[in-house]
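Worksheet for the structure shown next.
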Amino acid sequence: MRLRKVFFTGAAVLFAGAAVWLLVQFAAPVLNLQQSLYRGRWLLLAWRLALYAIAAGLWYVVSPQLRLCSPVAFRHLKRAAIWSLVLLATGEISNLLQWEATV
């Protein structure tokens, strides 16, 4: 059962990576990639915000169950979530500064 989940997750990650690679190869030439990303920055921001909302929703679904089941694991999950928020904020600030520098 666990092996099936790991296989499915790995297959999903590989599929997503292949889709992104194909998109970059065929939709945006190498010379115009930076311009394409700049033009689509608001759509990319909306995409990232949607992913963040999904992750937050999963947190609110999983965390109460985990708190009841295993308090130690919940503390580890909480620490990982806090560090991921720090990394997320750092990445978003970096993106903002990068786009401000190119304008």
Side-chain angles (χ1 to χ4, degrees):
M1 179 77 167
R2 182 175 169 90
L3 184 61
R4 189 180 322 168
K5 288 181 183 179
V6 171
F7 176 75
F8 178 74
T9 304
V13 168
L14 286 175
F15 178 75
V20 168
W21 181 79
L22 285 172
L23 178 70
V24 169
Q25 290 297 317
F26 294 112
V30 175
L31 296 175
N32 293 330
L33 181 60
Q34 193 71 16
Q35 292 173 353
S36 297
L37 289 174
Y38 183 74
R39 282 193 307 260
R41 68 188 182 279
W42 297 112
L43 291 174
L44 292 171
L45 176 65
W47 171 251
R48 288 194 310 269
L49 289 175
L51 289 177
Y52 301 155
I54 290 170
L58 287 174
W59 167 260
Y60 285 114
V61 168
V62 171
S63 64
Q65 297 170 0
L66 189 60
R67 183 182 299 160
L68 293 174
C69 196
S70 175
V72 175
F74 177 74
R75 283 196 308 266
H76 290 295
L77 179 66
K78 189 173 168 183
R79 184 178 301 141
I82 290 169
W83 279 111
S84 66
L85 286 175
V86 169
L87 289 173
L88 180 124
T90 305
E92 289 300 324
I93 290 170
S94 173
N95 281 339
L96 283 174
L97 293 175
Q98 178 184 2
W99 289 121
E100 291 298 321
T102 57
V103 172

Are the side chain of S84 and the backbone of A80 linked by a donor-acceptor contact shorter than 3.5 Å? yes
Just distance, no hydrogens or angles: give the donor-acceptor pairs under 3.5 Å from side chains in residues 50-62, sequence neighbours left out.
unit_1	atom_1	unit_2	atom_2	d
Y52	OH	E92	OE2	2.7

message: Applying a strict under-4.5 Å side-chain criterion to I, L, V, M, F, W and Y, I'd like to know whether W42 and L49 cluster together.
response: yes
Output for pair (L77 CG, I82 CD1), nearest 0.5 Å, gives 10.0 Å
The side-chain contact (heavy atoms from CB on, under 4.5 Å) partners of W83 (sequence neighbours excluded) come to R79, V86
